[in-house]
Amino acid sequence: MAAAIQAVSIRGHEERQTPKPHVVYRIEIQAHVRSWQMWRRYSEFVELHTELTKSTGSPPPVLLPPKNTFAVLKGPFKDESSMIEQRRAGLEAYLRAIISAKEDRWRESYVFREFLGVPVGKQTPATGSGSTQFSLASWLDEHLELQSRIRDVRADINRRDTLSDRGDVGASHTANVQAKKKLAEILSRVRTLTEGLQELGMAGMAEGELQRRTDMVARLQDDCEKLGKIVTVARQASRANTLTTTTPGTFTNVSIAPESDRVALLGSNKPVTRVFGAALKNPQETGQTRPLDDHGLLQLQKTQMEHQDTQLSQLTTILQRQRHLGEAIGAEIRLHNEILDDLTNDVDRVGGKLSGAKKQLNRLG
């Protein structure tokens with residue numbers, strides 16, 4: 001926690017060239033049992049100040065040193081090194097004022113702890129508390145772990161289907177039960193992850209980052225919903241190649257329809273062909289469609305169609321933008337042509353005046 005911080009100081013700075021030349025300051029943090037350092041640039045201090053003011057409702061007790069370089073150079077120091085040193089001292093006073101303030105709302109803010117890199121990971125609450133506290137980094141770690149668990153559930157479903165195709169009903173059922181247990185655990189952790197995101201949002205997370213992580217949770221929930229539908233539908237193990245036999249070539253508990261019934265049902269043995277277009281090849285099962293039932297395939301098709309519609313809309317927007325750019329370029333070219341025509345007329349007019357002046361000079365000479 002931030003209350004465990006004993007001292008904060010800024011001991012030095014570095015000039016870095018990427019992505020563009022800038023100065024970063026070395027912040028040294030001393031806690032009860034350990035110490036560490038963080039590198040932050042001035043723009044990150046500005047973002048911290050904005051987020052602290054927004055989340056707590058009032059600015060920290062000390063203001064940041066001025067952002068404008070010329071405002072700094074108006075002071076007693078006129079060279080760049082003195083300006084950097086003055087800014088370093090101002091940033092150090094800013095952090096120390098937050099740490100030593102009587103009110104702890106700034107130093108206990110989640111944004112401030114993240115800024116200083118305070119090692120606060122997931123914390124299991126005491127018995128009776130229903131929430132789990134995440135840091136910005138541990139929340140992402142939990143999200144990656146849930147994505148890995150979802151892949152494990154898909155693997156169990158694929159193994160269930162493979163065992164079912166082989167006729168191993170017992171092992172197929174066991175794999176399906178394992179997938180259900182893992183999915184139930186994932187759903188519980190997704191709910192905890194959602195609650196943790198709400199707490200991070202209340203602690204002052206930036207609005208854009210909050211929306212991005214909300215979309216990440218929504219995708220996890222969609223995956224869990226699809227997997228829930230899949231694990232509740234056990235595939236039929238009775239295939240033509242799994243018929244029980246007593247002796248080679250003989251089947252039991254199977255009644256084969258006579259050929260006359262097949263002809264009456266199908267009309268003839270003539271294969272059905274397409275009327276229009278080229279003949280289609282037999283559909284091939286893929287890794288994406290193999291674990292899906294009819295409803296899952298329909299949902300997958302709808303999702304792909306929606307994705308294609310979205311891409312088409314984006315392409316339409318891009319083409320419209322290109323059209324507007326082309327029209328603007330055309331208008332600019334026409335304007336330049338008119339300017340060039342006016343210039344040509346002016347040159348001709350000046351040339352005519354020069355010719356007249358030359359003739360008058362010749363007469364005078």
Side-chain angles (χ1 to χ4, degrees), residues 121-124 130-198 200 211-244 280-311:
K122 289 186 298 182
Q123 300 177 351
T124 303
S131 61
T132 301
Q133 185 175 4
F134 290 97
S135 67
L136 297 178
S138 64
W139 192 95
L140 292 176
D141 293 339
E142 177 69 6
H143 180 268
L144 291 176
E145 177 65 20
L146 290 178
Q147 286 182 322
S148 177
R149 292 299 182 93
I150 288 177
R151 287 193 293 269
D152 292 342
V153 173
R154 293 186 187 277
D156 289 338
I157 294 174
N158 291 334
R159 184 167 63 254
R160 177 203 71 179
D161 296 339
T162 302
L163 294 171
S164 177
D165 293 340
R166 295 176 181 175
D168 193 345
V169 180
S172 175
H173 176 71
T174 301
N176 194 62
V177 171
Q178 292 178 353
K180 287 184 178 180
K181 289 182 178 180
K182 291 180 180 179
L183 185 59
E185 179 186 358
I186 292 173
L187 289 172
S188 177
R189 293 175 65 173
V190 168
R191 286 192 293 269
T192 304
L193 196 69
T194 304
E195 296 174 356
L197 182 59
Q198 294 175 353
L200 291 176
Q211 182 60 45
R212 186 179 74 87
R213 298 196 182 195
T214 302
D215 295 339
M216 293 167 63
V217 173
R219 286 192 291 271
L220 284 179
Q221 292 173 342
D222 291 340
D223 291 340
C224 292
E225 183 179 355
K226 294 176 182 178
L227 291 176
K229 293 179 180 178
I230 295 174
V231 297
T232 55
V233 180
R235 294 183 60 179
Q236 298 295 329
S238 56
R239 302 284 181 98
N241 57 353
T242 60
L243 294 174
T244 58
L280 295 176
K281 297 181 180 180
N282 293 331
Q284 299 294 326
E285 194 77 64
T286 65
Q288 187 178 13
T289 61
R290 187 173 293 110
L292 302 178
D293 57 1
D294 293 342
H295 297 288
L297 289 174
L298 180 60
Q299 184 63 33
L300 176 62
Q301 184 181 17
K302 291 181 179 178
T303 303
Q304 291 179 344
M305 292 175 65
E306 291 175 357
H307 181 63
Q308 292 173 355
D309 291 340
T310 303
Q311 290 181 329

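Along the sequence shown, the residues carry numbers beginning at 1. Keep in mind that this is a model prediction, so the values were computed, not measured.
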Sequence-distant partners of R149, side chain to side chain donor-acceptor pair (under 3.5 Å), two or more places apart: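 Once residues adjacent in sequence are excluded, the partners of R149 under the side chain to side chain donor-acceptor pair (under 3.5 Å) criterion are E145, E185.
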Taking 4.0 angstrom as the limit, do R159 and D156 come out as a salt bridge?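 A salt bridge is present here (some side-chain N lies under 4.0 Å from a carboxylate O).
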Over all heavy atoms of both residues, which pair between [X] and [Y] is shortest? Give the atoms and the distance, please.
X	Y	result
S172	R160	OG-O, 3.0 Å
L187	C224	CD2-CB, 3.4 Å
V231	K180	O-CE, 3.2 Å

Among all residues two or more places apart in sequence or in another chain, which pass the side-chain contact (heavy atoms from CB on, under 4.5 Å) test with R154?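 Counting only residues at least two positions away or on another chain, R154 forms a side-chain contact (heavy atoms from CB on, under 4.5 Å) with I150, D223, L227.
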State which residues pass side-chain contact (heavy atoms from CB on, under 4.5 Å) with S148; sequence neighbours excluded, sorted by chain then number.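 Scan of S148 (side-chain contact (heavy atoms from CB on, under 4.5 Å), adjacent residues dropped) gives R151, D152.
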For the [atom1] atom of [X] and the [atom2] atom of [Y], what is their distance to the nearest 0.5 Å?
X	Y	atom1	atom2	answer
R191	L193	CZ	CG	12.0 Å
Q304	D309	CD	CG	12.0 Å
I157	L183	CD1	CG	7.5 Å
M305	L300	CE	CG	11.5 Å
L146	H143	CG	NE2	7.5 Å

Check whether any side-chain heavy atom of T174 lies under 4.5 Å from a side-chain heavy atom of L163, and answer yes or no.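 Side-chain contact under 4.5 Å: no.
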Do T192 and E142 have side chains that approach each other closer than 4.5 Å (heavy atoms only, starting at C-beta)?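 They are not in side-chain contact.
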For N158, is there any backbone N or O sitting under 3.5 Å from a side-chain donor or acceptor partner on T162?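 Present.
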Using modelled atom types only, decide if a donor and an acceptor are shared between the side chain of T303 and the backbone of Q299 within a distance under 3.5 Å.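 Indeed, once roles are kept as given, a pair shorter than 3.5 Å links the two residues.
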I'd like to know if the side chain of Q311 pairs up with that of H307 as donor and acceptor (distance under 3.5 Å, no hydrogens or angles considered).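 Judged by distance alone, the side chains do pair up.
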Do L197 and M216 pass the side-chain contact (heavy atoms from CB on, under 4.5 Å) test, and can you show the C-alpha distance, the side-chain angles, and the key distance before you say yes or no? CA-CA 11 Å; L197 182 59; M216 293 167 63; over 6 Å; no
Starting from the C-alpha separation in whole Å, work towards a yes-or-no answer on side-chain contact (heavy atoms from CB on, under 4.5 Å) for R213 and L140. CA-CA 9 Å; R213 298 196 182 195; L140 292 176; 3.7 Å; yes
